[in-house]
Amino acid sequence: MAHKAVRIEVTEFLDTFFPLPEGVTADQHPQWAEDVFDGLAAGELLTVHEIQRRFVEAVNDNDLIPGLKMSTSSEKPDITEMGNFKQKPDAAIFKADSVPTDGRPHWADQLITVEFKRNTTSQDPFDDRKGAELESDAATRKEARGQLIDYSELVFRIQHRTALYMILVINRNIRVLRWDRSGTVVTPAFDYVAEPQVLCQILWRMSLLSDEQLGIDTSATRLHPNDTDYKYMDILALSSKTDLSSCEGYDLLPAERQRKDHIFKHVREKFGEAVDHKWPRYRVEVPDGDGVRTFLIGAPAFYAQGMACRGTKGYVAWDIQAKRFAWLKDVWRLDYERMEPEGVILSKLNAHGVVNVPTLVCHGDIRNQKTLTPDIWEAQQPVRPDTPASTAASVSPSPTLVDPAPQPPSSTSRKRTLVEAEDEDTSCGEEEYTLRRHAHYRIVVQEVAKPLSEFLSGRHLVSIIIHCIQAHKDAVTKANVVHRDVSSGNILILPKVVYNKNTGKPLVAWKGLLADWELSKPLHEAEPLLRPNRPPRTGTWQFLSVGMLSQNPKTVEIADELESYLHVLLYFSVRYLESDCKNPSAFIDSYFHSCMLQDGIYKCGARKMHVIQTAGRLEVRNGVPLMFYSPMDDIFRMLLPVFRTHYQVQDYLKAKEAASKLPPRSIRPMPSSTPRPSAAIPLVLDDIDDITALKALAAEKLILTAPVDNGPTPEEHACAALLQDHNFVLGILARAYYLEDPECRWAWDKVDDRAPDEDEDKPQVVPLTNAHGASTRTAKRRRTAGVTAAPLAYSSLPSRLTQSQTPKAG
């Protein structure tokens, strides 16, 4: 199993990450006093604030990091206008010309984060003892580790980073850490009071690093208030009389009909929100063929939680060259063999005329920026016999990998505990055979869409799903591509100008947009066996099919994707439509978030499995149907039995195939050394009456005991085959969409969010027992769901879905 942290010795850390500039040797360092840190010799007799004060003074007064300064920030959080961030790291290192004086963290300007702890053992996130796990499970150590994850995550979220260095001072001991999107490299703790020259060497070499070596993404240029582009962003954020209403059904005015390139109001408003926050603003580069295009961005419209993950961030951006708004996604994509970047896939879909998918503008990897932690980890591992000869990092398929839940910059959801942050980070990719490799990547598309939660009614929700299934059908039939991540965050609403078929006049209509194609692959391409250089299957747990959650690995089929659409439809219906479900949160918990942990593998939760595989119907509780009192009921009533039959047929065929592969029964030869019984031994059945007749009777009646093949009927086979393509499901949805609804419940059934606490963490662990007696547990599953689980007693995982008010992509 791979862990997220890797320990290397200080000298190796320096040689790897803090190389000396050409022409500079290690002995050319300034002269340092041997007693530079003697003021901290008292160790645990000092308070943490006193350790912090004396350490910062020693560093600054002795100019140990020339050109840089350390500043404390443990008393006040950053200004609230830059998001609901209350974290207060003890100190940070800044460039000398941007050292804060107000005691706040100034996340946007930090170069290196510094944290202080007092207790040498309990507050050390890592354990250097021989034979001990580096990432200890002790509660206080996990809490300290979660705090560092929180800090690193925040810096990556606000700044544009390839890596973050961190200094952890624990009393008289110190560690240096390096964070990237694959994990953490950490040095052993050493006594800096006894060995001041070692720490001074580290700090001096830090001061010699370029911005790029310090982990700054140099493809993103920070803008400041006096910059022309900074001021231009303020102008772009101002509403314009020419902006087109985003309202569904809006009839364009005569003057509006003359314009071709409309800017929708919701797009400019989102850009205005991004520049209104006191977030840093950037001009970023995106590859465009052989050249580069530049874009202006402010605060992300969404970001993914977690540190060791893809770290997806989405922006409403201004395209400087095209002079128009666009959607820019910044992500650390998986970097393995045979996995094409999303832009390559979108280009293919656009070329084949696939409808209702984003329109590619430009894309590409950013300056060959890759995570380095996997290289360090792999160098420490023994060679496994099943390791492929080549572990070249292109990209390997991961059936359905999704990042932690997107959060708006000013999210008001309950703050994670530090232990939850640590658990969340270690489960983001799960305990795997190897640390995941990531490459920095940006993609820009024309469409800036709305989240699915903004649908207007149940009928409108169905129309959006229909549009996206049609996109999926087009991708399969025209380009032989299957999406493999149908989920709430990837089904979006796109306002666009269409023409009324009756009047011929233009109006605004809300169409469905199927976004985020980065995990797609050719249909029927088999999943690779899990190997050390490839991550296991992971995905958006809540919306994966029962089959995908019950087998590992499994090739994604059309039926799996259609089932995911059904789960998305059910989720938004329960959460936002009127129904007889009295406790939507509890229903969502048990159906979407639950899972069974069996032999270290997460399996499908019991309720979801029961509905899809066994019952074929929705119930609020046993015997009480879940009703929406609209044509939505017809959709579930017609589709669920088809999925149930599909699984029954699949189970029968698998069992039959398995039986056909059983080896013929053979008689084990008796060892030659075993003495054979003597023919003189008396028979033990002599006292049974008429033994010959009994044997004859048994032979005659044996046919009655032969197993009967009660396989599916031809009708059931035909029913299951309905899910081999998209047409039946599309037909059922279209039939419901056009169904007469005299009471108009179909058009006015949306209500306020009925599960407003959906983003809260409510861990649930219910011990179960499987048929083989192995330990099985049911727990609430969070949005990022790796199928392979850490070998813990149980996993308490937060449950986060896409934010109801946050656009994800497009």
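Quick note: numbers below take in every heavy atom, side chains included, and nothing from hydrogens, waters or symmetry partners.
Side chains of Leu349 and Leu346 form a contact here, defined as non-hydrogen atoms less than 4.5 Å apart. Proximity of Gln446 to Pro358: side-chain heavy atoms (C-beta onward) are nowhere separated by under 4.5 Å. A 4.5 Å side-chain heavy-atom check between Leu566 and Leu562 finds every atom pair outside the cut-off. In this structure the side chain of His438 never reaches within 4.5 angstrom of the side chain of Asp335, judged on heavy atoms. Between Leu452 and Leu461, the closest side-chain pair of non-hydrogen atoms falls below 4.5 Å. At a threshold of 4.5 Å between non-hydrogen side-chain atoms, the residues Val497 and Phe264 count as touching.
Side chain of Arg310 to backbone of Val331: no donor-acceptor contact under 3.5 angstrom is found.
Every residue was checked against the salt bridge (charged side-chain N to carboxylate O under 4.0 Å, His left out) condition with Asp633, not counting sequence neighbours, and none meets it. For Arg268, the salt bridge (charged side-chain N to carboxylate O under 4.0 Å, His left out) partners two or more places apart in sequence, or in a different chain, are Asp243. With sequence neighbours left out, Asp725 forms a salt bridge (charged side-chain N to carboxylate O under 4.0 Å, His left out) with no residue at all.
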Acceptor/donor pairs from residues 498-506 side chains to any protein atom, 3.5 angstrom cut, sequence neighbours excluded:
unit_1, atom_1, unit_2, atom_2, d
Asn500, OD1, Asn502, N, 2.7
Asn500, OD1, Thr503, N, 3.2
Thr503, OG1, Lys505, N, 3.2

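Between the side chains of Ser457 and Asp749, not a single donor N or O lies within less than 3.5 Å of an accepting N or O. If you check the side chains of Asp485 and Thr540, you find a donor sitting under 3.5 Å from an acceptor. The closest side-chain donor-acceptor pair between Asp330 and His440 falls under 3.5 angstrom. A donor atom on one side chain and an acceptor atom on the other are found under 3.5 Å apart for Glu561 and His472. Ser487 and Asn490 share a donor-acceptor pair across their side chains, judged by distance under 3.5 Å alone. Gln321 and Thr294 share a side-chain donor-acceptor pair at under 3.5 Å. Defined by atom type and a distance below 3.5 Å, a donor-acceptor pair is missing between the side-chain atoms of His363 and Glu342. Looking only at atom types and distance, the side chain of Arg442 has a donor-acceptor partner in the side chain of Ser219 under 3.5 Å away. Side-chain contact check for Arg367 and Gln369: no donor-acceptor pair (N or O, by modelled atom type) lies under 3.5 Å.
Sequence neighbours left out, the pairs with a member in residues 356-365 that pass salt bridge (charged side-chain N to carboxylate O under 4.0 Å, His left out) are Arg333-Asp365. Residues in residues 222-238 take part in these salt bridge (charged side-chain N to carboxylate O under 4.0 Å, His left out) pairs, two or more places apart or across chains: Asp109-Arg222, Asp229-Arg283, Asp234-Arg281.
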Pair Glu256-Tyr250, side chain to side chain donor-acceptor pair (under 3.5 Å): steps then yes or no: CA-CA 11 Å; Glu256 294 172 328; Tyr250 173 76; 2.9 Å; yes

Test ring pair (Phe, Tyr, Trp, His ring centres under 6.0 Å) applied to Tyr282 and His160, step by step: CA-CA 9 Å; Tyr282 286 91; His160 288 262; 4.5 Å; yes

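Phe572 and Tyr576 have parallel rings, their planes meeting at less than 30° on a 0 to 90° scale where 60° marks the start of perpendicular.
The two residues Trp327 and Ala301 have their closest heavy-atom pair at CH2-CB, 3.8 Å.
When each of Asp753, Asp752, Asp757 is paired with Arg575, the salt bridge (charged side-chain N to carboxylate O under 4.0 Å, His left out) condition holds for Asp753 and for no other.
More than 12 heavy-atom neighbours from other residues, nucleotides or ligands sit within 6.0 angstrom of CZ on Arg637.
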